[in-house]
Number of protein chains: 2
Amino acid sequence: MNILEKITNELDTLSKSERKVAEVILASPSTVIHSSIAALAKQANISEPTVNRFCRRLDTKGYPDFKLHLAQSLANGTPYVNRHVDENDSAEEYTDKIFESTMASLELARKSLDANDVNRSVDLLTQANKISFFGLGASAIVAHDAQNKFFRFNVPVVYFDDILMQRMSAINSRQGDVVIVISHTGRTKSLVEVANLAKENDATVIGITTKGTPLAKECSIVLTVDVCEDTDLYMPMSSRIAQLALIDVLATGFTLRRGSKFRDNLKKVKDSLRSSRFEKKD
Amino acid sequence: MNILEKITNELDTLSKSERKVAEVILASPSTVIHSSIAALAKQANISEPTVNRFCRRLDTKGYPDFKLHLAQSLANGTPYVNRHVDENDSAEEYTDKIFESTMASLELARKSLDANDVNRSVDLLTQANKISFFGLGASAIVAHDAQNKFFRFNVPVVYFDDILMQRMSAINSRQGDVVIVISHTGRTKSLVEVANLAKENDATVIGITTKGTPLAKECSIVLTVDVCEDTDLYMPMSSRIAQLALIDVLATGFTLRRGSKFRDNLKKVKDSLRSSRFEKKD
DNA sequence: CTACATTATGAAATAAAATTTCATTTTTTC
DNA sequence: GAAAAAATGAAATTTTATTTCATAATGTAG
């Protein structure tokens with residue numbers, strides 16, 4: 001999608017003169033969107049038709065259309081590019097990079113999610129007799145968070161981050177129960193086993209994981225949350241945040257399905273916390 | 001910044017014909033970026049110079065420049081605008097809205113963060129004798145996650161989501177200990193008390209909260225995480241995700257400060273998990 | 001190494017699009 | 001209700017982009 005990346009990719013399929021154009025554009029894309037075709041041609045020391053041909057090779061209608069695409073790519077301040085933290089980064093630099101990578105991962109995760117699967121999951125959740133969330137490590141936190149949310153809905157919900165409890169709970173599950181198993185890698189043996197146990201006992205198993213993992217194979221529905229491979233280099237970072245956003249989506253879907261009367265209930269839960277807080281002055 | 005919002009804002013300062021142009025654009029902005037000035041004029045039943053004047057009134061150089069701005073506004077799917085989930089939204093719609101709001105909140109949170117405070121916090125964390133993370137409710141999850149991360153660094157770290165344990169831990173704290181107290185509202189009485197107790201016992205208290213809250217007043221350093229007011233309407237959503245991103249930032253700062261040898265250690269921790277997982281085939 | 005074919009390139013012509021100028025219409029103000 | 005001010009569009013002009021076509025560069029087969 002991003003035209004700057006596309007230029008970089010196709011750099012070797014371009015002719016010599018066209019590459020000159022590409023280089024000028026990559027060097028300063030923000031200047032280019034305010035240049036005419038003549039100005040750009042001059043800058044790259046080539047002729048105007050070459051610029052035009054360059055644009056068409058990138059599947060745009062012509063120069064103005066190309067500029068439009070370029071403008072769009074620049075609009076989001078290169079968030080797609082996953083900027084890596086560097087040894088010598090200042091606090092400001094690594095802060096920015098982490099926030100940006102996280103946002104980029106959320107964007108990716110959103111694209112990998114299938115709205116139909118979300119819809120079906122919400123269906124199942126609203127009809128469930130019991131909802132269980134299972135995760136380990138960083139995904140345990142996501143399961144914990146999910147419980148915190150669904151608990152407010154006044155439905156039977158549990159979460160376990162202990163292998164044995166998960167197994168016991170899975171074995172005791174039955175038709176009408178929904179078990180949500182969360183694992184970024186989808187390869188954690190004990191969790192895959194738990195998913196299988198739940199399935200064997202006729203529970204509906206929803207997986208929050210990456211596409212095509214062993215865990216995915218055990219699930220009735222897989223909610224795909226793909227994030228950039230190497231954002232989670234030393235420890236889970238973007239993956240768990242994307243999973244949490246998905247929990248928000250499921251919780252929101254749940255409340256929408258239940259109708260407005262139900263949402264008044266949520267307000268009550270929130271209001272019940274008031275006495276434990278200091279008043280807001282304004 | 002966003003030109004679509006700008007058009008909406010200035011709608012009443014526009015002349016009759018110019019408003020016609022505005023309406024056509026607002027009705028279908030994505031069509032407009034592929035139309036010539038003549039096509040747009042015809043569509044709005046006005047003349048070409050009127051379109052041109054319209055563009056200039058919005059502080060653009062002319063029609064092509066206007067289209068560039070419009071294209072940029074469309075590029076990020078209006079993420080700045082916090083799109084509210086609506087009663088009748090489809091799964092796809094509310095999924096998109098939640099992801100977008102989350103990203104917008106991260107952007108906001110990043111801006112509200114002070115890199116100096118991050119830097120000082122990392123300083124203190126690397127020198128701490130003991131690190132404690134305290135939170136309740138949704139913030140308990142953030143504290144839990146923080147423990148999960150800092151635990152890998154092989155430093156003394158604890159987390160409590162139980163009021164009594166928090167109090168006891170705070171009372172037992174001493175100089176050289178760092179206590180991180182997490183609360184979006186910053187108004188949870190027991191947490192403010194815990195922060196105060198820790199302070200009284202000479203621990204360094206870092207708050208992860210909103211600006212100017214009672215909790216903020218008890219802290220040595222406040223890591224400000226402001227998110228859009230109403231993303232957390234019925235339950236904490238964006239706020240906790242922004243807090244988690246901040247935990248990532250602190251953890252990253254910590255590893256950077258500790259140098260490359262330390263990072264090999266992290267790899268070992270990660271590798272130690274390998275036997276519990278199914279092999280990746282590719 | 002040459003002759004032929006293919007591809008790449010730019011000058012000039014053409015076409016398209018946007019802008020300016022200016023006369024006319026509409027609206028406002030007194 | 002007349003003069004001034006503002007809004008509007010037709011036509012001319014200017015700017016910008018595209019096409020055509022001749023030439024140059026590169027590659028290929030003999």
Side-chain angles (χ1 to χ4, degrees), chain A residues 3 6-74, chain B residues 3 6-74:
Chain A
I3 197 105
K6 194 168 184 179
I7 295 174
T8 316
N9 287 154
E10 308 224 336
L11 217 56
D12 27 285
T13 73
L14 297 174
S15 77
K16 211 187 333 176
S17 304
E18 283 167 352
R19 206 166 310 146
K20 281 190 203 168
V21 184
E23 276 156 18
V24 172
I25 294 167
L26 290 174
S28 176
S30 51
T31 317
V32 174
I33 59 171
H34 297 115
S35 311
S36 68
I37 192 167
L40 176 56
K42 197 174 170 192
Q43 182 90 25
N45 262 306
I46 44 80
S47 72
E48 300 177 26
T50 302
V51 175
N52 199 271
R53 282 187 286 260
F54 166 85
C55 297
R56 297 219 173 124
R57 202 178 291 269
L58 291 157
D59 299 316
T60 63
K61 285 184 184 176
Y63 184 67
D65 190 40
F66 168 79
K67 284 211 293 189
L68 243 45
H69 281 270
L70 190 58
Q72 294 200 316
S73 300
L74 292 176
Chain B
I3 196 106
K6 195 168 185 180
I7 296 174
T8 316
N9 285 155
E10 309 225 332
L11 217 57
D12 29 284
T13 72
L14 297 174
S15 76
K16 210 190 328 177
S17 303
E18 284 168 351
R19 204 166 311 146
K20 281 190 202 169
V21 183
E23 276 158 18
V24 171
I25 293 166
L26 290 173
S28 175
S30 51
T31 316
V32 174
I33 60 171
H34 297 115
S35 310
S36 68
I37 193 168
L40 176 56
K42 198 174 169 193
Q43 183 88 25
N45 262 305
I46 45 81
S47 73
E48 300 177 26
T50 302
V51 175
N52 199 272
R53 282 186 287 260
F54 166 85
C55 296
R56 296 218 173 122
R57 200 179 292 268
L58 291 157
D59 299 315
T60 63
K61 286 185 183 175
Y63 185 66
D65 189 42
F66 168 80
K67 284 210 294 187
L68 244 44
H69 282 268
L70 189 59
Q72 295 200 317
S73 300
L74 292 176

ask   = Are A/S15 and C/dA8 close enough that a side-chain N or O sits under 4.0 Å from OP1 or OP2?
value = no

message = Measuring to OP1 and OP2 of C/dG10, would you say a side-chain N or O of A/T50 lies under 4.0 angstrom away?
response = yes

Whole-Å gap separating [atom2] ([N]) and [atom1] ([X]):
| X | N | atom1 | atom2 | answer |
| --- | --- | --- | --- | --- |
| A/I46 | D/dA17 | CD1 | C1' | 14 Å |
| B/K42 | C/dA18 | NZ | P | 15 Å |
| A/N45 | C/dT9 | CG | P | 13 Å |
| B/Y63 | C/dT20 | OH | P | 16 Å |
| B/R53 | D/dA6 | CZ | C1' | 10 Å |
| B/F66 | C/dA17 | CZ | P | 18 Å |
| B/L14 | D/dT8 | CG | P | 10 Å |
| A/K20 | C/dA8 | NZ | P | 15 Å |

ask   = Does B/K16 or B/P64 map to a spot on DNA chain C nearer the 5' end, using the closest nucleotide for each?
value = B/P64

Candidate nucleotides [options], ranked by approach to the side chain of [X] - the nearest:
| X | options | result |
| --- | --- | --- |
| B/P49 | C/dA12, D/dA10, C/dA18 | D/dA10 |
| A/E48 | D/dA17, C/dT19, C/dT20 | D/dA17 |
| A/N52 | D/dT8, C/dG10, D/dA17 | D/dA17 |
| B/I37 | C/dT19, C/dG10, D/dT8 | C/dT19 |
| A/S36 | D/dG9, D/dT16, C/dT9 | D/dT16 |
| B/S17 | C/dT9, D/dT8, D/dT19 | D/dT8 |

request  = First locate atom CD1 of A/I37, then atom NZ of A/K67, and finally report the distance between them rounded to the nearest 0.5 Å.
outcome  = 9.5 Å

message = Please report the interatomic distance CD(B/Q43) to OG1(B/T31), rounded to the nearest 0.5 Å.
response = 7.5 Å

Taking all non-hydrogen atoms of both residues into account, name the closest pair between [X] and [Y] and its distance.
| X | Y | value |
| --- | --- | --- |
| B/L68 | A/H34 | CD2-CD2, 4.3 Å |
| A/I25 | A/F54 | CD1-CE2, 3.4 Å |
| A/V32 | A/V24 | CG2-O, 4.4 Å |

message = Classify A/R56 by what it touches in the nucleic acid, base, sugar-phosphate, or nothing, heavy-atom distance under 4.0 Å.
response = sugar-phosphate

